[in-house]
Novice: 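My questions will all concern the structure given below.
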Amino acid sequence: MKFATWNVNSLKVRLPQVLDWLAEHSDITALCLQETKMDDPTFPQAEIEAAGFHVVFAGQKTYNGVAIIARAPIEDVIINIPGFADPQKRVLAATINGIRLVDVYIPNGQSLDSEKFPYKLAWLAALKEFIAQELQQHPKLALLGDYNIAPEDRDVHDIKKWEGGVLVSPAERNFFNEFIQLGLVDSFRLFEQAEKSFSWWDYRGFSFKKNAGLRIDHILLSSALAAQCSACEIDVEPRKHERPSDHTPVIATIL
DNA sequence: ATGGCCTTTATGAAAGGA
């Protein structure tokens, strides 16, 4: 089985690329999307199902929005974090082939002095409680999505440029480590990886060409799943396409 | 360099992203 995550930065723009990518990667069991940026009535459910997939989605107009596309039936869906009142659609949990997937679009936070930053931290605290509960019911769990956290300095092309900002702050990295303390494992770091491996590059200033990126999209696995994980890779190919998303897919292989 | 680019909403300009 292969599970993937991809922040598509508008599914309206990127749907053809998503369907092409799934056709080229016929071994992908399920793909978690973030930033679909569309409300549910406009979601392209018919097109995705016509291509032979199952799909669930939770969206809103203009901002955020998550979806899971799968080749097998999707069961036990939860939208948003139970008990955490939030009009923003950022979480979708579902079971596929007996594996619990939690698809997250963690808030960006904007800047350390923005009112959006305490929202990000409160949101992460609520997510941690939710994941702790989900783990009790689902030992085989993957937490995958756009975390908007670069966990270590090696996940940042130029740490001096980013220091003091969001995505790399100690408060955010502490939350990433709290997920690790829940028993989750960063699947990417289970394996030897090329230096300067990133999943996001700014659209500005030829950042992709210069590989001036960040690794902020992650697949964390419960210990039961990590024991079955044989690979985790970032697929940079879609970032080379015409009109790309600024993020590129991350894929974990489960035996 | 208080920038650069892309998407959205909406039709001009601004917000949000990371």
Side-chain angles (χ1 to χ4, degrees), chain A residues 5-18 32-44 57-67 86-91 103-124 127 144-176 188 196-219 234 236 238-250:
Chain A
T5 176
W6 190 4
N7 180 325
V8 291
N9 183 20
S10 167
L11 187 59
K12 186 180 177 186
V13 173
R14 237 66 68 185
L15 180 62
Q17 294 185 37
V18 169
C32 294
L33 304 178
Q34 303 89 37
E35 283 206 271
T36 56
K37 294 188 174 179
M38 45 175 45
D39 56 9
D40 292 344
T42 52
F43 191 90
F57 46 92
Q60 62 186 93
K61 201 173 178 182
T62 312
Y63 302 115
N64 310 312
V66 282
D86 186 2
Q88 302 187 23
K89 295 292 191 294
R90 296 178 173 276
V91 176
D103 176 13
V104 292
Y105 176 44
I106 293 176
N108 171 282
Q110 197 165 58
S111 64
L112 298 188
D113 56 2
S114 165
E115 62 188 13
K116 290 172 186 167
F117 191 67
Y119 164 71
K120 180 175 190 173
L121 298 183
W123 198 97
L124 282 162
L127 179 65
L144 60 181
D146 176 357
Y147 282 59
N148 273 313
I149 301 172
E152 299 179 69
D153 287 355
R154 61 176 165 164
D155 300 313
V156 181
H157 70 95
D158 181 352
I159 188 60
K160 288 199 173 77
K161 195 172 273 182
W162 288 84
E163 225 158 33
V166 288
L167 316 189
V168 303
S169 75
E172 292 160 84
R173 286 176 167 178
N174 284 345
F175 267 110
F176 188 88
F188 191 74
K196 298 181 179 176
S197 290
F198 305 125
S199 65
W200 171 87
W201 300 262
D202 200 306
Y203 283 121
R204 296 168 292 188
F206 302 101
S207 296
F208 181 63
K209 203 172 206 173
K210 296 191 285 193
N211 195 28
L214 305 175
R215 191 176 71 95
I216 52 176
D217 300 272
H218 308 294
I219 301 178
I234 297 172
V236 298
R239 191 63 177 78
K240 302 174 182 173
H241 291 171
E242 289 287 310
R243 236 187 151 180
S245 169
D246 43 358
H247 296 252
T248 207
V250 183

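The figures here come from the full heavy-atom set of this structure, side chains too, leaving out hydrogens, waters and symmetry mates. These numbers come from a predicted model, not from an experiment. To find a chain, count down the sequence lines: A is the first, B the second, and so on, and within it residues start at 1.
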Novice: Polar atoms only, N or O, under 3.5 Å: list the protein pairs with nucleotides 3-5 of chain B and their distances.
Specialist:
{"unit_1": "B:dC5", "atom_1": "O4'", "unit_2": "A:Arg204", "atom_2": "N", "d": "3.4"}

Novice: Strictly distance-based, threshold 3.5 Å: is any side-chain N or O of A:Gln34 a donor or acceptor partner for the main-chain N or O of A:Asn7?
Specialist: yes
Novice: For A:Thr42, enumerate each residue passing the side chain to side chain contact (heavy atoms under 4.5 Å, CB included) test, keeping only those at least two apart in sequence or located in another chain.
Specialist: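 A:Thr42 satisfies side chain to side chain contact (heavy atoms under 4.5 Å, CB included) with A:Met38, A:Asp39 only.
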Novice: Considering every strand and a 4.0 Å limit on heavy-atom distances, what is the contact class for A:Asn64: base, sugar-phosphate, or nothing?
Specialist: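 Contact class for A:Asn64: none.
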Novice: Counting only pairs under 3.5 Å, give me each side-chain donor-acceptor contact of residues 159-170 of chain A, with atom names and distances, residues two or more places apart or in other chains.
Specialist:
{"unit_1": "A:Trp162", "atom_1": "NE1", "unit_2": "A:His157", "atom_2": "NE2", "d": "3.0"}
{"unit_1": "A:Ser169", "atom_1": "OG", "unit_2": "A:Glu172", "atom_2": "N", "d": "3.3"}
{"unit_1": "A:Ser169", "atom_1": "OG", "unit_2": "A:Glu172", "atom_2": "OE2", "d": "2.5"}

Novice: Sequence neighbours excluded, which residues qualify as side chain to side chain contact (heavy atoms under 4.5 Å, CB included) partners of A:Asp202?
Specialist: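 Testing A:Asp202 for side chain to side chain contact (heavy atoms under 4.5 Å, CB included), a comparison that skips the adjacent residues, returns A:Trp200, A:Arg204, A:Ser207.
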Novice: Can you figure out which of B:dA18, B:dG16, B:dT9 approaches the side chain of A:Lys61 most closely?
Specialist: B:dT9
Novice: Base, sugar-phosphate or nothing for A:Val13? Non-hydrogen atoms, less than 4.0 Å.
Specialist: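 Since only primed, P, OP1 and OP2 atoms lie under 4.0 Å of A:Val13, the category is sugar-phosphate.
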Novice: Could you pull out all residues at least two apart from A:Lys240 that satisfy side chain to side chain contact (heavy atoms under 4.5 Å, CB included)?
Specialist: A:Phe208, A:Val236, A:Glu237
Novice: Please determine, for the side chain of A:Asn7, which listed nucleotide (B:dG16, B:dT9, B:dA18) has the closest atom?
Specialist: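 My answer, after comparing the listed nucleotides, is B:dA18.
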Novice: Got a sec? Which of residues 243-250 of chain A come in under 4.0 Å of DNA chain B, heavy atoms?
Specialist: A:Arg243, A:His247
Novice: Tell me what A:Tyr105 touches on the nucleic acid: a base, only sugar-phosphate, or nothing, going by heavy atoms under 4.0 Å.
Specialist: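 A:Tyr105: backbone/sugar contact only, no base atoms under 4.0 Å.
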